[in-house]
Every structure is written in C-alpha cells, then in structure tokens.
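Working notes for the structure below.
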Amino acid sequence: MDKERRNNVELELYNKSEVFVMEYKDKNTVIRKTQSLGKELEYLRSVSDENKRAQKIIDVLPQIAWTASASGHIDFFNKRWYKYTGTQYENDLNKLWWKIICKDDHSAMENFWNQIKEKGIASEIRVRIKHDDLYRWHLVSLIPVKDEANKVVNWIGTGTDIHEQVMQTKKLDSRNAELLAINHYLEHFVHAVAHDLRAPVSNLRLLSQALDKAPEVDKAKLMSTISSNVNRLDETLTGLIKVIDIQKTDEPVSYDVNLLNVVNEVVKDLEENLNTNNTALRINIPDGLIFSYVKPFLKVIISNLLANSIEYSNKNHSLKLIIDAIRFDEDTIQLTIEDNGMGIDLEKDGKRLFRPFNKLNQHSKGMGLGLHIVETMVQRNGGRIEIESELDKGTKITLYLKEYD
Amino acid sequence: MNYNKVLLIDDDPFLIELNKLMIEWEGLNDYFIAATSAEEGLSLISDLNQKKKATPDYILLDLNMPDMDGFEFMEQYKQLFYDGHTSTKVIIVTSSTRDKDKQKALSFPFVADYKEKPLPDNYVAQLISQS
C-alpha cells in the first residue's frame, strides 16, 4: 500500500485505481472518508505537485523558509532553515518548529497562527528564533497559497533576522524615555530657578517704588536691603551655572561602571577635605560590583553626599564615614552612605530637604542644591532615596540605583 | 471699627518688612497683620476666632513657601474656617507663572484674585481703604 499525505488529506492507494480519501481535522481525527477514483486523485496529485514546486523554490532561498498545510501543520523546512537553526530533520516538523521558538513567544505565535489561519490572509509577527544557541528577533511572514476557489491550499512561511533593528529600537525607546525624564526634570528645575530669580527681582522693583515715597528717615534702611536681594540673585545664578555644568556631558549615556572604582575616584577628589576632618573612612563595596549607569551622574551623586557629610560633620568629634554597597536585586544597586555628623531634624526639615535652593543651615557654604541634584539624578531612571537621621547622632542615606538598560 | 483688614502671608521676611513699612507711612498699621509662614497665618486666624474678633477681609497669600505651601494652607483654611459663605477673600500673590497653579488656586471658592509679584506699592493700602 502506498501512502501519501499532503496537507490534511491522506490518500491510500489500492491497485492504482481505487482510493480512500481521508480528510483530517487534526492529526488524529478523520472528518471524511470516501472511496473515490480518478478525478479526486488527480486533484490531490496536482495540489501536491504544486506544493512540491513551491518547496523546490523555497529550498534555494537564502533565508529560512517553510511550508505548512492549510490546517497549519508544517510539512517542509528549506535547507537554510536546518543550517541556520542547527537542527536536523525529524518526523514531526511541528515539534521541531516549537523547539527553536523562544518559549516566551509561544503563546503570541500560537494566537497569531490561529488568527491568520481563520482569516486566510498574509501577515507578519516578531518572534525570537534560536540561532547559534542564542534567541534572535525575527520577522516571521506567513503567506497563504490559494486555489482557484480561493481556498487556502497551504502556507509559505519565511523568517528574516531583524535582531539588530529591534535592539536599536529598544535602545531608542529607552533613550526617548530618558529624554522625557530629563525634560520633566528641566521643567521643574527651570520653574524653581525662575521662582528664585523672580523673587529678588520683584523685591527690587517694589523697593524702587517704595524708595520714591519713603520718608528720609527710612531711606537709608531701605537702601541697605538692596545688597541682600542682589546677593540672593547672584547665588541663584551661580547655582544655575553649577547645575548646567553638571548636565553637560559628552560621555555616553550609560555603560558598565565599577562602583568601587568610582567611589575611590570621588574619595581621591575629596581627599584634602576628608583629611582636614580627620575622617575615618570605611568602604565595603565588592570589587566586582559592576552595573550599567551614567558614570558622571554616579560621581556627582556620591561626591554631593560625601561633601554634605563633610560640611555637616559634628565639630565635637572626628568624622566617621561608612560606604556600603550590594546588589539589591536584578537591576538595582543599594548604596549606603552613613556618617556620625550633625544629623537632620527630619520632622521639621524632611519635607524641604530636596527642594532646590533650600539650605538647611543658612551659614552653610553650599547653595542648597546638593540633595536636589542627587535626587533628580537618582530618580531620573526610577531609583529612590531613603534617609534616616537623628540630630547629633548622624545621617544614613540609602540609594536604590536602578541600572540603565 | 479698627480691625485687621489685611493679612499678608509670605515666607520672604524682606517683603513682609517692606510692606509693613509702607503701610506705616500711610498710617494704616492697625489694619494690617503679617505672617512669615502658612502655619503662623493659620494660628493668627485661629487666635482672632477664639477672641471673637473679626477675621481679615483679605488674605494675601504666597504659594511657594517651605514646609506648608499656599495650597496646603488653603486646604487647611477650608477645613477649619470656611463655612461656605465666610466673607474673607484670599488673593494669591505669587511669582509662579504656571498656568496649572493658577487654575488650581482659582478652584478654591474663597480665592478672589490671582496676582503676580510684585504688587504695586499702594495695593495693600488701597485694599484697606476700600474695605
């Protein structure tokens, strides 16, 4: 007995003139069984010849390609396919197909297949296909081949490697999200700066109006207030320039940085200040702690926090600084900086701690920008800051730094 | 009757002092009080209420203040002192140019106006004279 199986139809030939035609709903269910002669056989042969012709053509294509029956059962892979996926012919080609598709894409692929089979239209989907033991993004196109009655006879599928494009798009998407975050930050920062510039300017305007009317006795008093407003303006402008300098960076957006190296670089920059304060410094960071971050930001974050510890150290004893870091989870680094300095009254000042141009101590040398800068840089890609502090005991700042994609 | 017709709330001590001085020149000191924080403003109003004294006709309120800002002040004021028809009007005096600040401020029922800083030098004196 010869057996031919094409698409969902199986022929069983007896004496070359009799035929049983069995149409399969799926692998195991027969939905029709008829005894037939010549005509039906001819039709089925012609279908299978066409299929064979199609297979011959796609066998020489330089890209991976295959054919499948109308019901979606794969019946042929081209040579390129076997070479590309590093697989060998198996009886059940469907099984072979699912083996090389990334498991995360199985349900999407299955849904896609069911949808287009029902509609009988050409369509495309992006799935990951195994190549050289790595899953790479491919554009899988499926085209129906139809007979004269517009009935789908079989399907031709092709796969094109689009991994680089997909990766590029992902990079662009993440860059785009980063730019949006920068935009958002700038909007808030500009508003804070504008407010701080406007306040002294509007004071000066009001002052000039008042000076016209002021009785002689008050004029000198008013004049003396001019300088405090001008100083305030100057401070804001200096702070603004400082922030612009930090934002200016020609370095790549993000790349692998060794946290211990960066901390050591910052410590070296601040060596003089640390020595003046007779600082006992302990660093507990594993040497191999490498993560993807914007290095200039990391330096600014760490140096601002260390500078704060130095600035607000307790004058009654020498400064103790502990810097710890661990990998917190898959994409987060936990960095802790702890000091034994003056501490912060969180109940009183906690809320305005991160506001720009807000100095907790009016005699401080800084401009009240340090923590604001740290916060914006940490938060720009989803990180967060926790502060524990007690007056006269010290401050512990924990950063959860999110890795950049 | 002498009572505090205008309450100015602003965290800028310079602005408070300058306004006090200008009101003094007009001889209207009795009608004017000021607070350098939103909390102080709330406690001044509470004091007046407890002493059964008339509350100010106008509260000139800065928005951008540390600790409690102008919006938080208005939330508290609404809960504590506003009964739906109190005659006190709040006038926002701010250096904020943000439209959403303006919209948000004007959504409070007692906010009568939204002014950008600086106010004209005779503004407070005029408010006192009118009321």
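What you are looking at is a predicted structure, and each value in this text was computed from that prediction instead of being measured. Residue numbers start from 1 in every chain, and the chains themselves are labelled A, B, ... in the order their sequence lines are given, proteins ahead of strands.
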- prompt: Which answer fits B:E24, side chain, backbone, both or neither, if we ask what part of it has an atom under 4.5 Å from a heavy atom of chain A?
  reply: neither
- prompt: Does NZ or CZ of B:K20 lie under 6.0 Å from the centre of the six-membered ring of B:F32, at an angle within 45° of the ring axis?
  reply: no
task: Give, as side chain, backbone, both or neither, the part of A:L197 having an atom under 4.5 angstrom from any heavy atom of chain B.
output: neither
message: Counting only non-hydrogen atoms closer than 4.5 Å, does A:D212 touch chain B with its backbone (N, CA, C, O), its side chain (CB onward), both, or neither?
response: neither
A:K213, part contacting chain B, at a heavy-atom distance under 4.5 Å: both
field: Stepwise side-chain hydrogen bond (donor to acceptor under 3.5 Å, both in side chains) test for A:T276 and A:E272
entry: CA-CA 6 Å; A:T276 318; A:E272 208 177 304; 5.8 Å; no
field: Plane angle bin for B:Y77 and B:F73 - parallel if under 30°, tilted between 30 and 60°, otherwise perpendicular
entry: parallel
B:D121 portion near chain A, given a 4.5 angstrom heavy-atom threshold: both
query: Is the backbone N or O of A:G341 less than 3.5 Å from a side-chain atom of A:H317, with the two atoms forming a donor-acceptor pair by type?
result: no
message: Under 4.5 Å from any heavy atom of chain A, what part of B:D101 do you find: side chain, backbone, both or neither?
response: side chain
Side-chain ion pair, B:K117 and B:D62, N-O less than 4.0 Å: yes
